[in-house]
Amino acid sequence: MIHSLFLINASGDIFLEKHWKSVVSRSVCDYFFEAQERASEAENVPPVIPTPHHYLLSVYRHKIFFVAVIQSEVPPLFVIEFLHRVVDTFQDYFGSTNVGDQLPTGQLSVVPWRRTGVKYTNNEAYFDVIEEIDAIIDKSGSTITAEIQGVIDAYVKLTGMPDLTLSFMNPRLLDDVSFHPCVRFKRWESERILSFIPPDGNFRLLSYHVSAQNLVAIPVYVKHNISFRDSSSLGRFEITMGPKQTMGKTVEGVMVTSQMPKSVLNMTLTPSQGTHVFDPVTKLLSWDVGKINPQKLPSLKGSVSLQAGTSKPDENPTINLQFKIQQLAISGLKVNRLDMYGEKYKPFKGIKYMTKAGKFQVRT
Amino acid sequence: MAASPAYGEEKGGSSSLGEPEYGHDPASGGIFSSDYKRHDDLKEMLDSNKDSLKLEAMKRIVAMIARGKNASDLFPAVVKNVACKNIEDPNQLIRASALRVLSSIRVPIIVPIMMLAIKEAASDMSPYVRKTAAHAIPKLYSLDSDQKDQLIEVIEKLLADKTTLVAGSVVMAFEEVCPERIDLIHKNYRKLCNLLIDVEEWGQVVIINMLTRYARTQFLSPNQNESLLEENTEKAFYGSEEEDAKDAKAEAAVLAKCKPYVMDPDHRLLLRNTKPLLQSRNAAVVMAVAQLYFHLAPKAEVGVIAKALVRLLRSHSEVQYVVLQNVATMSIKRRGMFEPYLKSFYIRSTDPTQIKILKLEVLTNLANETNISTILREFQTYIRSMDKDFVAATIQAIGRCATNIGKVRDTCLNGLVQLLSNRDELVVAESVVVIKKLLQMQPAQHSEIIKHMAKLTDNIQVPMARASILWLIGEYCEHVPKIAPDVLRKMAKSFTNEEDIVKLQVINLAAKLYLTNSKQSKLLTQYVLNLAKYDQNYDIRDRARFIRQLIVPTEKSGALNKYAKKLFLAQKPAPILESSFKDRDHFQLGSLSHLLNAKAVGYQELPDWPDEAPDPSVRNVEVPEWTKCTSREKRKEKVEKPFYSDSEGESGPTESADSEPESGSEENGSSSSSGSSSSGTEEEEEEEEEDSEEQSEDKEEEEEEEDIGTKKAKKKAPQGRKGRAETSSEEASTSESSSSVSDSGSEAEAKQRKPPSSKASSKEISLLDLDDFTPPPVQPIPSSSIISTSLVTDLEGLTLTDSSLTPTLLSPAFSAVKTYELLHRMAGEGLAVEYCFSRRPFPGDPHMVAIQIQISNNTDTEVKNLRVNEPKPLSGMRIQEFPEIEHLAPGDTATVLMGIDFCDSTQAANFQLCTHTRQFYVSIQPPVGELMAPVFMSENEFKKEQGKLMGMSEITEKLTLPEKCQSDHTIVQQLTSAANVGRVPCGASNEYRFAAKTVTSGSLVLITLERREGSMAQLTINSEKMVIGTMLVKDIIQALAQ
């Protein structure tokens, strides 16, 4: 399995190494650095790099490369998934104040995911149903592909060994699901009820995909007019956005980003609301829109100055959208009820819905 | 500095010990003293059984090390003392840690010690320690591969382990040490399949990958018939007719011989049990199942994995990368599988380039006549991307679509030609290369394109593109007779500045033109060849020399010259543009080797299906192997009655003496409470569903329950003097138990004459971690066992088999009916009421337990209007009252039948028994064995059902049968008296099987009692209702112990 692990930061220093079998020289990372150079961008470094004597499997998170050195055949996903879990644990561990609580104690128990002897004065269980819309909208505004991916994240602080069940009004919506290991699979299969003894604290109970048959409501539309002219070194840039199918809720936290072509020198834009930044080095335009007011649609208009002498860019930039809609699960998924068994107290229960943009792109 | 105190200490130490023979200062010995001898002394001291000597030796060694002396040959002796001691520790966590420490010391010298420790740990009673033993195996193996044979023995033993905790780790050890010993898996195959879902996720990956290989050696290809058909058509297509005629007969014979394919049930078992794991949150598990289905499932069933794999595309980009590689391979073989998910592979501008390129690969593989237009439209947007590597890959992809789908070839070609006027040179260059390949398929129609491309030589600088154009013009110079010599002229001019591949193509072009149009190009050719003759690159010089000889006729040039034209202008086969993922599936998918498309170190080949299935009976398990009892286990056996098989025994008396009380006992508590709480859920479900809003009522109810609980404790505690005595030994922590005593029945305790027994019963409570529970589901556990045991012993003297009381019984093996007291003669003021469970279905409602009630009037007056009043069932529970008895004469006895639906719980049913004058509060609490009705099933059905109820639903307990309970008859009798179950026929003579269904929910309860050598036996109960299972285990063991 994993022979050694190297942690490499953004400037290419190996700042931590750990060896389980024998010590593997740091020089093995040279192969990694080579690949990194070839890739130019961090995200394009191949996750699996063969070297004469070892294989380097890496993940890139928080601007750190976690490079595992492998000597023999192993399913690559096994290592990659494991490294991600390690990072998750680090994140949990260093990110929270109650460090001691996060350490696993359940090794010997039949419920290994839950520590024993949990006690709280306030017993509470919160569930967040968060749905993300992944969509590609084409030039003319029609949807090329759109799907809804959802998760239920839980924050459970309950004394003892509570046994929870969570049922949905419309479980049929869920097309493909993956569970936290605490969920009893059989009950889901037979009754479409989530029955589980929860881990303590934060965890992801369920991830799901809404079946493709359901048409996905697209909550916002973007009108755009971006043109570069061959003759002049000036281009026009204009986008307006508005709410579409929002079920009467407010679209907020709207953020527009767009990668401009290399030949764009600068942009002179005026937003009707929010703030915008154009980074002339990375050529990234971002516009923090905020809320969409249906009475006064946000827009961003202005001109683009292009490098003189170059021909007009082939591609119009794609527009990436982020937004949030509170108290709405866009798929229509509704939790029916949450019950607790096995403990006598009455916990405080809360369920929140939210819809977000996932990978939401508008091609122009 | 360092030397002197150490020296002093040694002196002091040795003198105080008063052992002069060891007293010479060993460490300070100069170069003259013989080192080995001195170390022998120390070794001897370390090996002695006096702790003081050992301590002294250790001190000296430390001193030696401090002075920089080499003490490495003492290492094993030290390790033995430090680590080995802990390997015997009563605490399982310490035993496991000690083994982990020992196995992490990678020094060859400790191999023998490690081997011993692993062997010992492999038969440890704690599954956690056994798991650690499995982990240590590969470490020892990598240290000394000579130990293989011994290690295989350990692996074999651990493979037989039944706990989920061990399974993954031992299979890992198996894969590392002896993956070729597939025979070791046979007996454990079914068990592994059944345990799989409860094994931790990393173990699942290892087991699934191993089982994939196993299945490939043991079962027949599920696509056998299909592949046979395919072969036939292929042969008919390609084979010559004569051959066909010959083959036809042979094939007919083969077809006739081969029986229709029937999947081995074990093969099916594997597919069925892995399928739910596609829902795992762990990408590695999902991938493992996906590859298993791809390699093992019938074609029609493979499709299920697509959805799960597509889901993984939402994960981190590294995961996407690996998954897409595998999808790319799969999509070549099974295109249909991913077609519905086509859009999931659409590319976003934010995807990393390597992901884009893989998605493109998949999209290209999925392209067919119906979806090609959508895909091409999508490709069109990609071509305008800013990411030029991706654009180049898209052009390649378009080329592949064009070659594969004839319908769109022209469209694609036109599109690509348009790209030739693209501003980006890379795009143009890539297009040229692809167009070249496409043109080779039908050059005649496309001279226009060739002309267009010829013009590009002025602008395009990318060598590969230039080379491609030159080759095209040379190859098809007859189609462009006017342009070709002109191109050569230009190229001759710039020859010296060209890249090598371009130069080679210039020479080629010159040669071809010389052969077809020597008049115009003779001089040019000679000029080019002369330039090439003096080129720096020897390849080019070689080529020039060779071509000159070939095409320019001289006296010396031989016969080849005549064939020059044929050689150069032969019809060349068009290149086939195919995926680089083609045929990659000969590597096991999901493996590193597959990803790299090269065999990695330690890769186990995926074997081909066998032609004939090996004997399937090797997987039959007659007597399920169980890790043999160690001496430790035997020692403890009698004092321990663990609650859960998985945390067996660790709450023993040894543990309570431990300094860390939370280690074993608490785990035990937690596991048991989780078990009972989870099934508590099921019990309470209905009731909870109804009373969501009646919180206040709930509270009342709870109070009442508590009331009853204490009452019960009052009533029953004095009777519990015998039954629970032996459980007191399993007491984990006295403090806990005493606290819960005060919780639950302080009043009762105050009245106790015999505190130990009450403690024993409340001990139960502490084991269950009761203070966290609502009273209803749990309170009955201790009290029910009190009823079933103590009451019975109290009533032992009575003749219970009164003919009027014993109904004809359903269960044939049933022996005696126990009667319970509902109302004592004294308490009832002369009215005595007893009840028994008739074990017959209650007429009118199959979900009710039938209870026969016998009321005798011991007063001297007539009792009138005897009836049930105000039943107060817990929600969900239902009581069917018996019809009112109008008169009961003095001295008379009446028998009536009532039905209670206990909702599969042992909670008491409370009601009032009323006469015309009085009312008595009574309650009926069923022993768990009465909550079920026998079911008759065959041995096979039993095994099948048992297979579905593994893991958490299985409870196993070891017991010793007392002498008087050795005969078949007694065992069956005792067991059926404890529970209302039906006997299931059984092939093995040392096994007894029983089956029942719970009355309310109809959940199966399967009981297996297996006799071992001596008076040992093992009881296994499989049931979804874990609480019922655990309680039943206790009751049965008690019944058998009597």
Side-chain angles (χ1 to χ4, degrees), chain A residues 21 41 43-44 46-48 50 55 59 70-78 80-82 84 107-112 116-117 136 144-145 149 159-161 163 165 176-181 185 195 197 204 207 209 259 261-262 311 314-315 318 320 337 339 341-344 346 359 361 363, chain B residues 128 197 201 205 209 276 279-284 287-288 307-308 311 314 316-319 321-322 343 346 348-350 352-354 381 384-386 423-424 590-593 595-596 600-603 644 646-647 666-667 670-671 673-675 677-678 680-681 684 688 695 702 772-774 952:
Chain A
K21 290 186 175 176
E41 269 167 79
E43 55 182 8
N44 274 321
V48 181
Y55 305 97
V59 303
I70 306 293
Q71 264 186 327
S72 59
E73 171 66 50
V74 60
L77 271 187
F78 191 101
I80 287 169
E81 175 84 20
F82 181 79
H84 278 300
Q107 259 299 333
L108 306 172
S109 144
V110 261
V111 194
T116 51
I136 302 177
I144 291 183
T145 162
Q149 312 277 352
T159 305
M161 274 289 164
D163 197 327
T165 61
D176 180 44
V177 284
S178 78
F179 302 118
H180 188 277
F185 184 72
S195 157
I197 296 173
R204 176 154 294 174
S207 323
H209 178 258
Q259 179 70 52
K262 287 207 176 59
S311 46
D314 295 323
E315 191 191 43
T318 41
N320 295 302
R337 50 186 298 132
D339 296 307
Y341 306 99
E343 297 289 343
K344 57 186 166 192
K346 289 273 169 204
K359 296 175 180 168
Q361 290 199 338
R363 294 177 177 164
Chain B
Y128 182 63
I197 191 139
E201 42 195 359
V205 178
N209 279 320
Q279 252 72 55
S280 173
R281 63 165 177 172
N282 186 318
M287 189 66 234
K307 199 186 276 180
R311 184 182 69 230
R314 289 270 302 166
H316 300 284
S317 82
E318 296 89 1
V319 174
Y321 178 81
V322 178
K343 288 189 171 176
Y346 279 10
R348 288 158 209 280
S349 59
T350 39
T353 310
Q354 53 182 355
T381 44
R384 298 193 298 127
S385 166
M386 288 179 235
R423 253 187 307 268
D424 192 282
S591 68
L592 184 62
S593 304
L595 190 102
L596 299 170
V601 183
Y603 173 72
Y644 258 67
D646 246 23
S647 47
E666 210 177 272
E667 294 307 340
S670 78
S671 60
S673 60
S674 75
S677 65
S678 62
T681 325
E684 289 179 4
E688 288 284 336
Q695 290 174 355
E702 266 173 35
D772 284 335
F773 278 80
T774 46
M952 297 249 289

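Within every chain, numbering begins at 1; the chains are lettered A, B, ... in the order of the sequence lines, protein sequences first and strands thereafter.
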Engineer: Could you tell me which of Ile70(A), Val74(A), Leu77(A) has the largest number of non-hydrogen atom pairs under 4.5 Å with chain B?
Structural biologist: Leu77(A)
Engineer: Quick check on Glu43(A) against chain B: is it the side chain, the backbone, both or neither that has a heavy atom closer than 4.5 Å?
Structural biologist: both
Engineer: With a 4.5 Å cut-off on side-chain heavy atoms, are Pro76(A) and Met287(B) touching?
Structural biologist: no
Engineer: Roughly how far, to the nearest 0.5 Å, is CD1 of Ile136(A) from CD of Gln361(A)?
Structural biologist: 6.0 Å
Engineer: Supply the atom-to-atom distance Ser349(B) OG to Lys359(A) NZ, rounded to the nearest 0.5 angstrom.
Structural biologist: 11.0 Å
Engineer: Identify which part of Phe185(A) has an atom lying under 4.5 Å from any heavy atom of chain B, answering side chain, backbone, both or neither.
Structural biologist: side chain
Engineer: Using heavy-atom distances under 4.5 Å, tell me whether Ser280(B) contacts chain A through its side chain, its backbone, both, or neither.
Structural biologist: backbone
Engineer: Under the rule for ring pair (Phe, Tyr, Trp, His ring centres under 6.0 Å), what residues qualify as partners of Tyr55(A), not counting sequence neighbours?
Structural biologist: none
Engineer: Let me know if Val322(B) has heavy atoms under 4.5 Å from chain A in its side chain, its backbone, both or neither.
Structural biologist: side chain
Engineer: I'd like to check the side-chain hydrogen bond (donor to acceptor under 3.5 Å, both in side chains) partners of Lys307(B); sequence neighbours left out, ordered by chain and number.
Structural biologist: Asp175(A)
Engineer: Starting at CD of Gln279(B), measure out to CZ of Arg311(B) and round the result to the nearest 0.5 Å.
Structural biologist: 6.0 Å
Engineer: Tell me, side chain or backbone of Arg348(B) under 4.5 Å from chain A's heavy atoms, or both, or neither?
Structural biologist: both
Engineer: Looking only at heavy atoms and a cut-off of under 4.5 Å, which of Gly590(B), Pro352(B), Pro276(B) has the most pairs with chain A?
Structural biologist: Pro352(B)
Engineer: Heavy-atom pairs under 4.5 Å with chain A: which of Glu201(B), His316(B), Lys343(B) has the most?
Structural biologist: His316(B)
Engineer: Name the region of Tyr321(B), side chain, backbone, both or neither, that has any atom closer than 4.5 Å to a heavy atom of chain A.
Structural biologist: side chain
Engineer: Within the structure provided, determine whether Gln149(A) and Ser207(A) are in side-chain contact (heavy-atom separation under 4.5 Å).
Structural biologist: no
